Amino acid sequence: MDNQGDIDSGSVQPAVIPRPEHTISRASISSSALKVLYRLKEAGFQSFLVGGGVRDLLLGREPKDFDVATNATPDEIRHLFRNCRLIGRRFRLAHVRFGREIIEVATFRARHDSQSADDRDSAHSEQGRILRDNVYGGIEDDAWRRDFTVNALYYDIKDFSVIDYVSGLEDLKGGILRLIGDPEQRYREDPVRMLRAVRFAAKLGFRIHPDSEAAIHELDYLLEDIPTARLFEEVMKLFLGGCAVTTFELLRHYDLFRRLFPMTEEALSHEEQGFPITFVLRALENTDKRLAEDKPVTPAFLYAALLWEPVRLRTQVLLDQGMTALEASQLAGNQITSEQVQATSLPKRFSFPMREIWMLQSRLERRRGKAPYRMLEHPRFRAAYDFLLLRSETGEAPKELADWWTEFQTLNAGERDKMVESAPSRKKRRRRPRKRKPAANVND
Ligand code: ATP
Ligand code: MG
């Protein structure tokens with residue numbers, strides 16, 4: 001069935017898949033989400049699991065979080081749950097909290113073509129972007145205004161059936177990510193859907209439908225108007241979701257990466273001997289690997305890695321202008337940070353440690369005297385050392401230096417003293433970065 005066309009087709013009979021014919025079992029839904037679903041139902045409201053939860057369960061994957069849709073209004077939801085907070089202006093939602101888990105409960109939204117012209121509750125920008133979306137409707141309206149067909153499947157807690165208004169099940173089987181309705185209009189309403197398309201394609205291994213894909217090439221400039229704080233949130237989901245490498249490659253393929261990290265894109269296009277691109281890739285591989293091993297990853301480290309090439313390039317420019325190494329690296333860090341926050345914001349609690357990671361790179365070169373002992377005590381030592389490892393793996397920092405720190409940490413006090421005594425002094429080691437040996441020596 002083709003669902004690309006007219007979405008104002010009145011009432012559509014949904015496909016209803018009864019419990020025995022699908023694979024979603026309550027055992028794989030979090031107990032908090034079940035509590036919310038049942039409490040709404042018992043209070044006489046319609047109550048569905050929707051979005052990524054249903055999609056991922058049908059694919060046999062573990063959902064990241066659970067979203068609930070209901071005909072209860074935000075105020076009615078708030079009265080039902082003590083542990084509830086209403087959030088969002090553009091899109092009002094209830095967050096019901098259970099310890100660390102948050103269940104997002106959204107009231108069915110009306111379709112945009114059927115809503116009243118009351119602009120306190122809904123508004124568009126000149127480009128067609130939805131500025132407010134708080135007119136409520138029924139489940140069918142709600143289905144049509146979701147982004148992708150595979151994200152618009154509903155699991156009904158009343159009889160455990162799955163309800164499909166938009167042929168989402170067919171696309172789920174076909175591995176297709178397809179915008180509901182007219183792609184251009186849907187991207188104009190919310191340009192972040194372009195980034196979401198890439199994120200889901202990478203995470204699910206799905207193909208973006210050709211129509212949904214073509215519009216991206218035309219409309220990527222619309223991302224300029226998105227508040228930088230929202231783009232920061234999206235960057236977190238894109239790169240800290242476990243599929244950073246594939247996501248990065250797809251973002252570059254669709255020319256969307258430069259909308260998020262213009263200076264990094266610029267640096268990548270100037271690659272020297274294949275050098276820059278390997279660092280970012282290596283860092284993202286490392287991020288994915290750490291997440292797969294349940295190790296912590298931080299936005300500060302991620303941003304430090306994504307912006308390292310621009311920082312290095314800028315440092316070199318400032319050195320060439322005659323600044324000292326310390327001045328140049330500090331100023332480069334400040335400049336790149338303030339230029340980056342014009343594309344995606346970066347809260348201070350992350351930008352501060354990010355700059356520390358950069359600054360500590362040169363301090364790691366100081367291995368004589370008390371410096372290395374102080375370095376070990378530094379609260380950001382671990383991150384700075386991990387960063388140095390990555391740099392050495394891509395050949396940008398000496399492997400010998402990284403190995404030295406690896407060994408230094410494992411030794412007892414006496415052995416450490418010996419290492420420090422025989423460590424090369426920094427002056428002797430310092431060379432202009434990235435100067436290569438003349439070709440004649442390479443094969444010696
Ligand atoms: P995941 O949580 O795995 O990242 P998700 O599909 O659940 O993926 P959420 O951001 O949690 O994504 O949103 C929940 C649901 O809300 C989506 O599945 C989709 O139906 C709807 N939705 C979210 N953002 C948008 C948007 N920008 N435009 C239209 N619908 C959206
Ligand atoms: Mg979700």
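It should be emphasised that the depicted structure is a prediction, and the values quoted were computed from it without experimental measurement. Remember, it's 1-based here, ligands and their atoms both numbered in the order they're listed.
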Say whether, by atom type as modelled, one donor and one acceptor occur between the side chain of [X] and the main chain of [Y] under 3.5 angstrom.
X	Y	answer
Q361	I357	yes
R109	R145	no
E356	F381	no

**Item:** Under 2.8 Å from the Mg ion (ligand 2), the protein N, O or S atoms, given as residue and atom
**Value:** D65 OD1, D67 OD2
Would you please classify the geometry between the [Y] ring and the [X] ring as parallel, tilted or perpendicular, with 30° and 60° separating the classes?
X	Y	value
W405	F408	perpendicular
F48	Y154	perpendicular
F387	F279	perpendicular

Looking at [X], which atoms of ligand 1 are within less than 4.0 Å of one of its heavy atoms?
X	result
D190	26 (C), 27 (N)
K64	1 (P), 2 (O), 4 (O)
G52	5 (P), 6 (O), 7 (O), 18 (O)
K203	3 (O)
R199	4 (O)

Pairwise distance [atom1]([X]) to [atom2]([Y]) - rounded to 0.5 angstrom:
X	Y	atom1	atom2	value
Q409	M375	CD	CE	9.5 Å
L57	E62	CG	CD	9.5 Å
F66	L34	CZ	CG	8.0 Å
I157	K41	CD1	NZ	7.5 Å

**Message:** Can you pull out every side chain to side chain donor-acceptor pair (under 3.5 Å) where at least one residue sits in residues 15-28? Sequence neighbours excluded, please.
**Reply:**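 Sorted result for residues 15-28: R26-Y38.
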Can you tell me the protein heavy atom closest to [atom] and the distance?
atom	result
atom 30 (N) of ligand 1	D147 N, 3.2 Å
atom 14 (C) of ligand 1	D67 OD2, 3.3 Å
atom 28 (N) of ligand 1	R193 NE, 2.8 Å
atom 15 (C) of ligand 1	R146 NH1, 3.5 Å
atom 22 (N) of ligand 1	R196 NH2, 3.6 Å

Report yes or no: does [X] have a heavy atom closer than 4.0 Å to ligand 1?
X	answer
F200	yes
V192	no
R145	yes
R55	yes

**Asked** Does the distance from a Lys or Arg side-chain N to an Asp or Glu carboxylate O, for D386 and K295, drop under 4.0 Å?
**Response**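 The answer is no: the pair does not qualify as a salt bridge.
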**Asked** What part of N151 sits under 4.0 Å from ligand 1 if we count only heavy atoms: the side chain, the backbone, both or neither?
**Response**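 Both backbone and side chain of N151 come within 4.0 Å of ligand 1.
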**Message:** At under 4.0 Å between heavy atoms, is it the side chain or the backbone of V50 that contacts ligand 1, or both, or neither?
**Reply:**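 The answer is neither; V50 stays 4.0 Å or more away.
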**Item:** salt bridge (Lys or Arg N to Asp or Glu O under 4.0 Å) against E234, all qualifying residues, sequence neighbours excluded
**Value:** R199
**Request:** Could you name the option among P191, A106, G51 that has the heavy atom nearest to atom 18 (O) of ligand 1?
**Result:** G51
Extract all donor-acceptor atom pairs below 3.5 Å that involve side chains of residues 237-251 and protein atoms in other chains or at least two apart in sequence.
from: T247; atom 1: OG1; to: C243; atom 2: O; distance (Å): 2.6

